[in-house]
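What follows is a short report on a single structure.
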Amino acid sequence: MTTPFVDRHIGLTDADSATMLAAIGHESIESLMSAAIPPAVADSLRAALDVASGAEDVLPPAASEAETLAELRDIASRNTVTTSLIGQGYYGTHTPSVIQRNVLENPSWYTAYTPYQPEISQGRLEALINYQTMVTDLTGLDIANASMLDEGTAVVEAMLLARRASKVKGTVFLVDADTLPQTQRLLAHRAEALGIHLETLDLAAEGAVDAVAHLPEGEVFGAFVQYPGASGRVWDPSEVLAAVTARGALAVVAADLLALTLVKAPGELGADIAVGTSQRFGVPMGFGGPHAGYMAVRKGLERQLPGRLVGVSQDADGHPGYRLALQTREQHIRREKATSNICTAQVLLAVMASMYAVYHGPVGLRRIAAEVHSTADLLARNLRDIGLTVVHEAFFDTVRVAGLDAEAAFARLRAEGYTPLVVDGETLQVSVDETVTRDDAVVIAYVLSGLDDWAAVAETRETSVLPASLARTSEFLTHPTFHSYHSETAMMRYLKRLADLDYALDRGMIPLGSCTMKLNAATEMAAVTWPEFANLHPFAPTGDAEGYLAMIGDLEGWLADITGYDTVSLQPNAGSQGELAGLLAIRGYHRSRGDVHRDVCLIPASAHGTNAASAVLAGMRVVVVACDDAGNVDVADLRAKIEANTAELAALMITYPSTHGVYEHEIRTITDAVHDAGGQVYIDGANLNALVGYGRFGDVGGDVSHLNLHKTFCIPHGGGGPGVGPVAAKAHLAEFLPGAGGRDPLANPVSAAPYGSASILPITWSYVRMMGSEGLREATAAAVLSANYVAARLREAFPVLYTGDGDLVAHECILDIRPLKAATGITVDDVAKRLVDYGFHSPTMSFPVAGTLMVEPTESEDLGEIDRFVEAMLAIRAEADAVAAGEWPASDNPLANAPHTARSVIEGEWSHPYSRELAVYPVPSLIRHKYWPAVRRIDQAWGDRNLACACPPPEAFA
């Protein structure tokens, strides 16, 4: 008999649990959970289960790993993968095996966290600066960020950037008629909530320049062009862009990165902002994602750039090092002043795309692009020879064909294993990618001819129909990195070297509060790269996606049952996008009832920063609610804010358990008060890992919530992305969700693809399938037990800032470092960096309270690893006390100088008042198992004063 998966996922044994319970002072797990969880939560769950008694269980019983993989194989077999010719921003691509095996399938890359601790993230940061350099080089602009969620949301962010940076303070955004349909839908949904008016024009038409020039003054703040267009057309938009910028507006261009190896860059055409996707650089289509979008801007707009930006700085010894620049997480997510709610990236996918460019280099990329273009041209010439009309004379990879029975032609191509795009009854579109060969082009033309005997154009020479005036002459990817790793041996070693610079979950515990860095089991990950899941286009015919849709249906039902809601949309491709989707649903609900005046969103002072940012982007006004001394929502202040805003109250956003890591006792009182005033309750699901099986958002008064599948449900963080933030809601909000409660996958979009980052959904499906309802409940209890054990063992050395009922915490605890600083001068940064010397990733720093560490061990860690962390923290406390006692100076001690690199302890004469051994081997176990950081403490301020966000010259690291 095989070991149940729950015993593989949860790190604690029964003996471990008994030891930990004794330290906390409880006899059993159930006594602990009963004491920690308020009656309002437990009673609500029991009442809901009583009502549903006799109903068939929604969650199936736990399956073994072998059974789960067999079921997934069956599900995958129900997908039909053809050669996709659909295009529209999604293309077949060859993922180099060295990148698939050493990045996508490598836990050193996919289990790492966002590089907020740069000293232990130098490998990831180098890969991301490669990505930024790739994007700036190809787009011809000055600075690029470390990736966006997808192309569609990148276009929306560019629109918002244009609005705030434009000299024109109007409300009109011009959109080229030849824009990708999914981008047009996304722009329309997002613009409406913000009072932005979209005006669609054919900007390639004769007279478009004059039309732009004669638009009313003071209205247009920006314009958007797709390059090449959705129809495949390639044209020179430089005159239109010049007309836009002459009016003080900003010009945005969405450009195909592969095409940019052959045609002029957006920056050379006059664009202020370039956006798009890097998907076709080795990242599978995956039924829509995850993929790394990109954004690049001209000089002068860098401080308006949303998302994350990697820059070069120096460490305490003056050696170069990478870090996140300009405090990018914080600078845009500022409550009512927010300009973006994007606090994440698509790091794993950006790394893959950057390594695709590193592996192929500029010569290889141009070779791929030239082959794609000449294959499309061969197809077009053959189609013209048989009397069909090719709509555009100039194109890169997409041929639009008119004058045929499109449905009949579609059926003939499907019979041969190809899927084109039907534009209308007489028009078909075929997009060529690197997986489509010249032989395929001949077959496609033959099938479309309808002839029994047809002679194809046999020439094999490479040809081009791109305008000579648009030919790219500028160099790109000139940095040595893009010329040094073209053999598989060299690439494998480069990826290994970068991975060794990082600290990921495969090295040890990452106790990040609010982030839930739990096990990403290999069985859960297995199906992601199966071709049946990886190679399906997001707009493939519905019948091709039967397996995907069945899996999505399972997940929607399971997550609805787990949370106590009626409907789930899996489209949001980040937690922030799930927040936005839920708030837009609340907005749509109020407006459908004529309550257009309801626009106030109450948010506790302790909330995640994205909460307020999402509310602003949903067109709401933020009113902050105070918290009391125990870290709970101040109910008296809440009632006062409700009374002051009753007529305008749209929603309350609250995290449960709270952002302070406790189960708020008055949660039902809070939600009832909001409902009584006509508002809706949004419960942020970031901390759901402390509630699954013991309570449900829908039972305690929630109307809508987002869930973080990259936290509670095991999708890896991927070094800072991907994520999935599905939104769950009660029935009355269903029609306002993305996908309209499952009825229309294109309605109310918040991401470009109908089902968001679908290719990583098998991870969560597998987790729930293998855990079952009892296993999920056990995981919650183990997480809460571990957090309370840490709190119990450390509270004498580091006060636990907030506790709830029974003096207990939920799944995380906040350790207050401020008294330590007052007594010894040692800061929270000193503690965090010294933990690196002990072989740990720091807990979350200064969130939600400055000067604190939020610790979340998760259920996946065993007692030995948790005790190792506790002992490291106690040793650090002893070191701090030694500073206070005068044994070491406040400016020269192991904490102030942390972290210590190998270079720092072997170079020159050792002049510190503590030994080399104490610096790097503070506990004996590290002698055989040492993680060595690549750099000492990074100087953030120096990097911001000397902003550099592209690959530095090689001699910088000599």
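For clarity, every value in this text was computed on a predicted model and none was experimentally measured.
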Report the residues that fulfil ring pair (Phe, Tyr, Trp, His ring centres under 6.0 Å) with Y91, sequence neighbours left out, ordered by chain and then residue number.
-> none
With a 4.5 Å limit on heavy-atom distance, are the side chains of T344 and T114 in contact?
-> no
Pair D892-Y914, side-chain donor/acceptor within less than 3.5 Å = no
Beyond-backbone contact of L125 with L501, side-chain heavy atoms, under 4.5 angstrom = no
Which pairs would a plain distance check flag for residues 349-356, meaning a side-chain donor or acceptor within less than 3.5 Å of a matching protein atom at least two apart in sequence or in another chain?
unit_1, atom_1, unit_2, atom_2, d
S354, OG, A127, O, 3.4
S354, OG, A350, O, 3.4
S354, OG, V351, O, 2.9
Y356, OH, E434, OE1, 3.4
Y356, OH, E434, OE2, 2.8

Donor on one side chain, acceptor on other, S766 and E524, under 3.5 Å | no
R101 atom CZ, neighbour heavy-atom count above 12 within 6.0 Å = no
Would you mind listing every side chain to side chain donor-acceptor pair (under 3.5 Å) that reaches into residues 499-514, with sequence neighbours excluded?
-> S108-D506, R124-D502, K496-D500, S514-H608
Any P857 side-chain heavy atom under 4.5 Å of M509 side chain = yes
Of all residues at least two apart in sequence or in a different chain, which pass the salt bridge (charged side-chain N to carboxylate O under 4.0 Å, His left out) check with D315?
-> none
Tell me, which pairs form a salt bridge (charged side-chain N to carboxylate O under 4.0 Å, His left out) where one or both residues lie in residues 853-876, sequence neighbours left out?
-> K518-E859, R793-D867, E865-R868
With a 4.5 Å heavy-atom cut-off, do Q346 and T277 have their side chains touching?
-> no
Measure centre to centre between the rings of Y116 and H841, then say whether the value is under 6.0 Å.
-> no
Going by atom types only, do D16 and T13 share a side-chain donor-acceptor pair under 3.5 Å?
-> yes
Side-chain contact test, heavy atoms from C-beta onward, threshold under 4.5 Å: evaluate it for P118 versus Q940 and give yes or no.
-> yes
Does any N or O in the side chain of H811 come within less than 3.5 Å of the main-chain N or O of S786, such that one atom is a donor and the other an acceptor?
-> no
Presence of salt bridge, E907 and R903, under 4.0 angstrom | yes
Expected list for residues 919-930: side-chain donor-acceptor pairs under 3.5 angstrom, two or more places apart:
unit_1, atom_1, unit_2, atom_2, d
K930, NZ, D837, O, 2.9
K930, NZ, V920, O, 2.8

Go through the structure and list residues passing salt bridge (charged side-chain N to carboxylate O under 4.0 Å, His left out) with R323, not counting sequence neighbours.
-> D944
Residues which pass ring pair (Phe, Tyr, Trp, His ring centres under 6.0 Å) with Y322, listed by chain and number, not counting sequence neighbours = F957
Do H360 and F482 have ring centroids that are under 6.0 Å from one another?
-> no
Validation row: S842, L853 side chains within 4.5 angstrom (heavy atoms) = yes
Is there side-chain contact between N573 and V724, with heavy atoms separated by less than 4.5 Å?
-> no
What residues, two or more places apart in sequence or in another chain, satisfy ring pair (Phe, Tyr, Trp, His ring centres under 6.0 Å) together with W942?
-> none
Residues forming a salt bridge (charged side-chain N to carboxylate O under 4.0 Å, His left out) with E119, sequence neighbours excluded | K833
Sub-4.5 Å side-chain heavy-atom contact between V935 and H319 = no
Could you tell me which residues satisfy ring pair (Phe, Tyr, Trp, His ring centres under 6.0 Å) with F840, sequence neighbours excluded, listed by chain and number?
-> F869
Hey, can you pull the donor-acceptor pairs under 3.5 Å for the side chains in residues 757-765, sequence neighbours left out?
unit_1, atom_1, unit_2, atom_2, d
S759, OG, G289, O, 2.7
T764, OG1, F713, O, 2.9
W765, NE1, D554, OD2, 3.1

